[in-house]
Visitor: 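Have a look at this one.
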Amino acid sequence: RVALVTSAMHMPRAYREMRNAGLSPQAFPTDFLVETEAPKLLKDWIPNVDALSKSTRALKEWLGGLAVP
């Protein structure tokens, strides 16, 4: 048995990779990213560096997931 401990964002891809390697991992996701509030003001809808960073991380993980059957 193998414990798979990684960021919740990486867990689906990492889990598939472990299964493809012939292992049976037990998943333990960490550091969940959660938005605490919905956008309220007009300024909250204007693109900013933080939002771009989050989008970039999500897109990289999504594309990486496509590479793992």
Side-chain angles (χ1 to χ4, degrees):
R1 294 175 33 163
V2 176
L4 175 58
V5 181
T6 189
S7 170
M9 178 182 256
H10 301 296
M11 186 58 72
R13 179 185 47 80
Y15 187 83
R16 285 194 312 275
E17 288 192 35
M18 298 284 280
R19 296 288 294 181
N20 288 345
L23 300 171
S24 298
Q26 182 69 36
F28 295 96
T30 63
D31 75 344
F32 293 86
L33 299 175
V34 178
E35 291 296 328
T36 57
E37 294 183 14
K40 295 178 183 175
L41 305 173
L42 180 59
K43 74 172 184 66
D44 295 332
W45 291 94
I46 297 173
N48 60 58
V49 173
D50 185 48
L52 180 60
S53 176
K54 289 177 184 175
S55 296
T56 301
R57 287 181 59 188
L59 184 58
K60 284 181 179 178
E61 193 60 34
W62 183 75
L63 290 173
L66 290 177
V68 179

Visitor: Check for me, please, whether L66 and L59 land in the same ILVMFWY cluster - side-chain distances under 4.5 Å, paths through other members count.
Guide: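 Yes: a chain of side-chain contacts under 4.5 Å links L66 to L59.
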
Visitor: Could you check whether any side-chain heavy atom of E61 comes within less than 4.5 Å of a side-chain heavy atom of P12, counting everything from C-beta outward?
Guide: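 No - every pair of side-chain heavy atoms lies 4.5 Å or more apart.
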
Visitor: Among residues at least two apart in sequence or on other chains, which ones pass side chain to side chain contact (heavy atoms under 4.5 Å, CB included) with K54?
Guide: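 Scan of K54 (side chain to side chain contact (heavy atoms under 4.5 Å, CB included), adjacent residues dropped) gives E35, D50.
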
Visitor: For residues 26-33, which side-chain N or O atoms pair as donor and acceptor with protein atoms under 3.5 Å away, sequence neighbours left out?
Guide:
| unit_1 | atom_1 | unit_2 | atom_2 | d |
| --- | --- | --- | --- | --- |
| T30 | OG1 | T6 | O | 3.2 |
| D31 | OD1 | S7 | OG | 2.9 |

Visitor: Of the options M18, R19, E17, R13, which is the one that meets Y15 in a side chain to side chain contact (heavy atoms under 4.5 Å, CB included)?
Guide: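 That would be R19; it is the only one of M18, R19, E17, R13 passing the side chain to side chain contact (heavy atoms under 4.5 Å, CB included) with Y15.
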
Visitor: Identify the two heavy atoms, one from L4 and one from P25, that lie closest to each other, and give their separation to 0.1 Å.
Guide: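 The answer is CB-CB, 4.0 Å.
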
Visitor: Nearest 0.5 angstrom please: R57 CZ to L52 CG, how far?
Guide: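 So the gap between those two atoms works out to 12.5 Å.
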
Visitor: Side chains of R1 and S24: does their closest heavy-atom pair fall under 4.5 Å?
Guide: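 They are not in side-chain contact.
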
